[in-house]
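Owing to the predicted nature of the structure, the values given are computational and were not obtained by experimental measurement. Below, read A as the first sequence line, B as the second, and so on, with proteins coming before strands; counting in each chain starts at 1.
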Amino acid sequence: MLTYEDAVTQVSELLQVQTGLSVSKSSEEEIQLSGALFVNRVYRDFPVRKHYRIKLVIPVGSEELPYVLDTENQIDNTYPHAFTGKKLCLETPTSIRIQYIDGFNLVSWVQNYVEVYFFTYEYYKRYGIYPFGERAHGYCGIVQTYKDLLHIDNEINTIHVMKYISTVKVYRGHHRCPCGSNKRIRSCHGEYIKPFYEDCRLRKILDDDLLECYREAKEGK
Amino acid sequence: MNTQERKNDLLQIIEHLDITPTMYKNAEEKYKNLAAYLESKGIEADMYPQGSFALGTVIRPTVRDPNAGYDLDFVCQVHAMREDTTPAELRKLIEDALTSSDLYGGKLTIHDECFTVTYANIGNYGFSIDIVPAVNESEQVKACLQQKAAYPDLISTSIAIPKKEPDVYTWLTNNPKGYLAWFNGINNPFSEHSWENSREKIFRENNAVYASVEEIPPALNRSSIQRVIQILKYHRDVFYSKYPNGEDIKPISAIINTIVVKMADGIRPDISVFDLLDFITTELAIYAERQKLPEQMFSSKYPNRNVIQIQDNKWMICNPANPEDNLADKWNEDMRIPRVFFRWCSCVHHDLIDSFKESDEAFRSIVEGAFGQKMVSDVWGEKYRPIPARPIQALHAAKPWG
Ligand SMILES: [Zn+2]
Ligand SMILES: [Zn+2]
């Protein structure tokens, strides 16, 4: 969550590195940036150097994360991860929220999520494969995010571990690990589970995501 | 922007990967010594180059290792007919001769189907010689092949080589001499066209190696056909290195050679390298439609397209020198192979033809994607204004979702 002052400061930092963008709207609810984003990134010896026309919306004083609109249809709509609604499919909010749990940083978010999104798009268009993998759509993608975070080998066991964290309120290292290994937590996934007991903000994110998963699963999505 | 200059600069990268005249001289010397050694051991055989060394399409395989040497392939054809020996005996004969040598024993790697002799670096790079043992194919098999062959005259040079099956060695028919004859038949007029320029350039750049222009071996000449093959092979190596199973799915060089030469057959031999590349990649984009169009519709829409065929629902690229050899065999085992192949072809066109109309910076960036950043800076330095790109760390990189 950004206050208006924070947002203004972070926007001016961003405009110093992304000189093709400028503020197109600024209010107590949101700041909008428009113009050309320069992506200049390389992975596996494949560089992408291109400008993309975008609109970037930064909600102010709300839990909602910033998002990007592809204003000139540069993303081919046959790309499996083009948009949800009109927003580019950047990453699960879970990953982004956890990454910025100690404070949101707009410059870093643009580099790690927006630039990487466009890079991934170009790489996929050329090679037909995702350089860093992809997330399944909907709540399955959210479960996959926890699967990565918790280092668990499949989605079903990930849901067991998420349920365990959400219902058992105190960390108990001597419990059987909910991943199904039959080992004690402390000699199994303890290292990855413990942070959710030490930081109530992390736990809140997990509780909210689990509720969302139940809701979507019920609706049969 | 100057398109001609860009084309020359691209060729410079390929020349950088080609075998140098010094290296060529050395490789010739080494393989002739090897042949002489085998003779001294009482093995009567002809040693001759096959593959890229024979065809003049060598490139250093720098993608898996920037300092990689040249891999040169040779056949050691023992003076015997297939029925005179067994594949295991033949293999053993050559293996024993090589392992018992003080000179070659230590440089030798024994593989199932060939022997590799690795030489120390000369100048910057080393090279290795791959020896495939062979005998003359039987008259009976040759007669049979002649019946089916598109070019029956080529069959007489067919050989039999040991092929490893799970627990025995069997014979496999091959015909590198016939392939070379077919290749030369089409390539020669193109070669004549480039010879004068080629040899003057080689002489200018290697006056320490040759005393006069007449000394330059014609084998160092590179026609537009040979250059296009080299470009495609290197682009392929870089492109397929991005796939986890790239080595298994990339088109073998024989596919590239065959497609380029078949398509060039009948074309004006004075065509430039990039006009030929444009023509071939445009043709390949047509062949790509074979993936979607029913065969009948394809052949009525595009008559006389026989380089890459579909017969009985199977992909086919015929080896002109061996009617039993479908170079595209693997394409029928895994659908992804033809799919990625045609994707690759369209990227070649994008990177090395369409890029000529881009700005300097964009051109540089595209070529870096095509040939790798290090290779491009090694040859071009700072030309076309490169802008260093910030690397992405894979470990926590964003995955698209939603
Ligand atoms: Zn998506
Ligand atoms: Zn566990």
May I have a table of the donor-acceptor pairs connecting chain A and chain B at distances under 3.5 Å?
residue: A:Asn40; atom: O; partner: B:Arg390; partner atom: N; Å: 3.0
residue: A:Asn40; atom: ND2; partner: B:Pro388; partner atom: O; Å: 2.8
residue: A:Arg41; atom: NE; partner: B:Arg390; partner atom: O; Å: 3.0
residue: A:Arg41; atom: NH2; partner: B:Pro391; partner atom: O; Å: 3.3
residue: A:Val42; atom: N; partner: B:Arg390; partner atom: O; Å: 3.1
residue: A:Val42; atom: O; partner: B:Ile392; partner atom: N; Å: 2.9
residue: A:Arg44; atom: O; partner: B:Lys242; partner atom: NZ; Å: 3.3
residue: A:Arg44; atom: NH1; partner: B:Ser241; partner atom: O; Å: 3.1
residue: A:Asp45; atom: OD1; partner: B:Gln373; partner atom: N; Å: 3.0
residue: A:Asp45; atom: OD2; partner: B:Gln373; partner atom: N; Å: 3.3
residue: A:Arg49; atom: NE; partner: B:Ile387; partner atom: O; Å: 2.7
residue: A:Arg49; atom: NH1; partner: B:Ser365; partner atom: OG; Å: 3.0
residue: A:Arg49; atom: NH1; partner: B:Glu368; partner atom: OE1; Å: 3.3
residue: A:Arg49; atom: NH2; partner: B:Glu368; partner atom: OE1; Å: 3.3
residue: A:Arg49; atom: NH2; partner: B:Ile387; partner atom: O; Å: 2.6
residue: A:Glu91; atom: OE2; partner: B:Lys399; partner atom: N; Å: 3.0
residue: A:Lys125; atom: O; partner: B:Arg343; partner atom: NH1; Å: 2.9
residue: A:Arg126; atom: O; partner: B:Arg343; partner atom: NH1; Å: 3.1
residue: A:Arg126; atom: NH1; partner: B:Asp351; partner atom: OD1; Å: 3.0
residue: A:Arg126; atom: NH1; partner: B:Asp351; partner atom: OD2; Å: 3.2
residue: A:Arg126; atom: NH2; partner: B:Asp351; partner atom: OD2; Å: 2.7
residue: A:Tyr127; atom: O; partner: B:Tyr243; partner atom: OH; Å: 2.5
residue: A:Arg135; atom: N; partner: B:Pro400; partner atom: O; Å: 3.0
residue: A:Ala136; atom: O; partner: B:Trp401; partner atom: NE1; Å: 3.3
residue: A:His137; atom: NE2; partner: B:Gly402; partner atom: O; Å: 2.6
residue: A:Gly138; atom: O; partner: B:Trp401; partner atom: NE1; Å: 2.9
residue: A:Asp148; atom: OD2; partner: B:Lys399; partner atom: NZ; Å: 2.8

Looking at A:Val116, A:Val39, A:Val48, which has the largest count of heavy-atom pairs under 4.5 Å with chain B? A:Val116
Contacting region of A:Leu90 [heavy-atom separation from chain B under 4.5 Å]: backbone
Can you tell me which residue pairs pass the salt bridge (charged side-chain N to carboxylate O under 4.0 Å, His left out) test with a partner in residues 11-22 of chain A, sequence neighbours excluded? none
Separation between CZ of A:Phe132 and CD1 of B:Ile392, rounded to the nearest 0.5 Å: 4.0 Å
For the CD1 atom on A:Ile156, are there more than 12 heavy atoms of other groups (residues, nucleotides or ligands in this structure) within a distance under 6.0 Å? no
When B:Cys347, B:Pro244, B:Ala362 are compared by non-hydrogen pairs under 4.5 Å with chain A, the top option: B:Cys347
Would you mind checking which part of A:Leu88 comes under 4.5 Å of any heavy atom in chain B, side chain (CB onward), backbone (N, CA, C, O), both or neither? neither
